[in-house]
Amino acid sequence: MPDSASETLPSGGGKRRKAAKRHTAGVKAVAAAAGVSLGTVSNVLNRPEVVSPLTRAKVEAAMASLGFVRNESARQLRAGSSRILAYLMLDAGNPFFTDVAKGVEEAAQAAGLSVFLCNSNEDADREADYLDLLEQQRVQGVLITPIDQNSSRLRKLPSRGTPVVVVDRNIDDGEHCSVAVNDILGGELAIAHLLELGHERIAYVGGPNTIGQVVDRRDGARRALRKAGKPPENLIELTTGALTVAEGRGAGQRLAGLPAARRPTAAFCANDLLALGLLQQCVSLGLRVPEDLAIVGYDDIEFAEAAAVPLTSVRQPRQLLGRTAAELLLDESSNPDHEHQRVTFTPELVVRTSTRGTL
């Protein structure tokens, strides 16, 4: 009896058959079948608008009948770059980034390009490996939400021929375009809303502080307190190891364990996943939202409105961020007169039950 690693015999017994060798028809075969020149086939592939509809139809019919598949690798070698954009996101588990990716894909598709999606998972080594790989693959350009926006790799890529646009971070180094939301203003909007509702002790849940968005949103929270004449110690920082639901639940446990005299009556979370985890933990501990703890998130992902207690959140134009970033990248990769731009969108506070009860 053959073991599990052996080839399987045909059901009727007899000799083993080798798999048929793959054979792909080339452009010469297509030209012969269609009765046209190689140049005409090349035009159909690369400049179809210069070929008459009748001739183009003949060539396309020949391609279909022969099973012709374009050799994109060969075209890439000749051109020196591919027809692919890459988006290296911070966390594929966060719906915010997948929504940004949808906007990237919209712009790429309109330009006839494909998109590679990569996930650094907030790991600097993984991010560096992806950047090296994408440069080797000669992608047309890289969109990235970086762990460290001052990374030397980010600075070197454009000088070596790979354009880079920074997404969800403001950068003004003269070497990159960037597209972001004013996160300091977003943090300020969240805290101003909670102060308006009468909250004095407010938790800021977020981390790690190596992520620029976390720091900017915290700085906005601090600015709102200063403007309101409140002491800085009224903002109680609960630092998390990541921007995840699990970390939000952990923060909820820590918050509930604080002495009643020091326990915040409201929390502003650096993203919606943290806020949803915090909300889950509050419910499991018997705390009422918003009566015992009002909660504000950030990003306004789809799950925010669908939560058991609909979540107040600071909205970012997620797909617009991605689409704008991709359009800037496409212009940089094709326009010799391209000028770097720093695009900043304005966030919007969306008020729901988690801060104001039943509205």
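We number each residue from 1, following the sequence as shown. As the structure is a prediction and not an experimental result, all values here were calculated from the model.
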Within-4.5 Å side-chain heavy-atom neighbours: Ile84 and Gln140: no
Ring pair (Phe, Tyr, Trp, His ring centres under 6.0 Å) contacts touching residues 178-230 (sequence neighbours left out): Tyr204-Phe268
Atom CD of Glu233: over 12 foreign heavy atoms under 6.0 Å: yes
Nearest heavy-atom neighbours spanning Asp300 and Arg352: OD1-NH1, 2.9 Å
Steps toward salt bridge (Lys or Arg N to Asp or Glu O under 4.0 Å) verdict (Asp129, Arg126): CA-CA 5 Å; Asp129 288 344; Arg126 187 169 173 173; over 6 Å; no
Residues Glu135 and Thr162: side-chain donor-acceptor under 3.5 angstrom: no
Between CG on residue Asp132 and CD on residue Glu127, distance to nearest 0.5 Å: 10.5 Å
From CA spacing to verdict: side chain to side chain donor-acceptor pair (under 3.5 Å), Thr145, Asp168: CA-CA 6 Å; Thr145 303; Asp168 197 34; 5.4 Å; no
Residues which pass ring-ring contact (aromatic ring centres under 6.0 Å, His included) with His340, listed by chain and number, not counting sequence neighbours: His338
Heavy-atom donor-acceptor pair, Ser313 side chain to Arg315 backbone, under 3.5 Å: no
Ring pair (Phe, Tyr, Trp, His ring centres under 6.0 Å): pairs with one or both residues in residues 32-63, sequence neighbours excluded: none
Side chain to side chain donor-acceptor pair (under 3.5 Å) evaluation trace for Asp299 with Gln316: CA-CA 5 Å; Asp299 292 336; Gln316 301 198 71; 2.6 Å; yes
Residues which pass side chain to side chain contact (heavy atoms under 4.5 Å, CB included) with Ala224, listed by chain and number, not counting sequence neighbours: Glu188, Ile191
side-chain hydrogen bond (donor to acceptor under 3.5 Å, both in side chains) partners of Glu196, counting only residues at least two apart: Arg356
By side-chain hydrogen bond (donor to acceptor under 3.5 Å, both in side chains) - contacts of Arg262 (at least two apart): none
Residue pairs involving residues 86-136 (criterion ring pair (Phe, Tyr, Trp, His ring centres under 6.0 Å); sequence neighbours excluded): none
Enclosure of Glu105 CD (heavy-atom neighbours >12, cutoff 6.0 Å): no
Side-chain heavy atoms of Ile211 within contact of Leu243, under 4.5 Å: yes
Donor-acceptor pairs are to be reported for all side-chain atoms of residues 342-351 against protein atoms at under 3.5 Å, with residues two or more places apart or in another chain.
{"unit_1": "Arg342", "atom_1": "NE", "unit_2": "Asn170", "atom_2": "OD1", "d": "3.4"}
{"unit_1": "Thr344", "atom_1": "OG1", "unit_2": "Asn170", "atom_2": "OD1", "d": "3.1"}

Set of residues satisfying side-chain hydrogen bond (donor to acceptor under 3.5 Å, both in side chains) with respect to Glu237, sequence neighbours excluded: Arg222
Contacts of Asp183 that satisfy salt bridge (Lys or Arg N to Asp or Glu O under 4.0 Å) - sequence neighbours left out: Arg217
Pairwise distance NZ(Lys28) to CG(Leu38) - rounded to 0.5 angstrom: 7.0 Å
Residues that Asp123 engages under salt bridge (Lys or Arg N to Asp or Glu O under 4.0 Å), provided they are two or more places apart: none
Under the side-chain hydrogen bond (donor to acceptor under 3.5 Å, both in side chains) test, residues paired with Gln109 that sit two or more places apart: none
Pairwise distance CG(Asn121) to CG(Leu90) - rounded to 0.5 angstrom: 8.5 Å
Under 3.5 Å: donor-acceptor pair, side chain of Ser354, backbone of Thr312: yes
Sub-4.5 Å side-chain heavy-atom contact between Ile144 and Leu154: yes
Side-chain touch Cys269/Val296, heavy atoms, less than 4.5 angstrom: no
Exercise: identify the closest heavy-atom pair between Leu311 and Ala275: CD2-CB, 3.6 Å
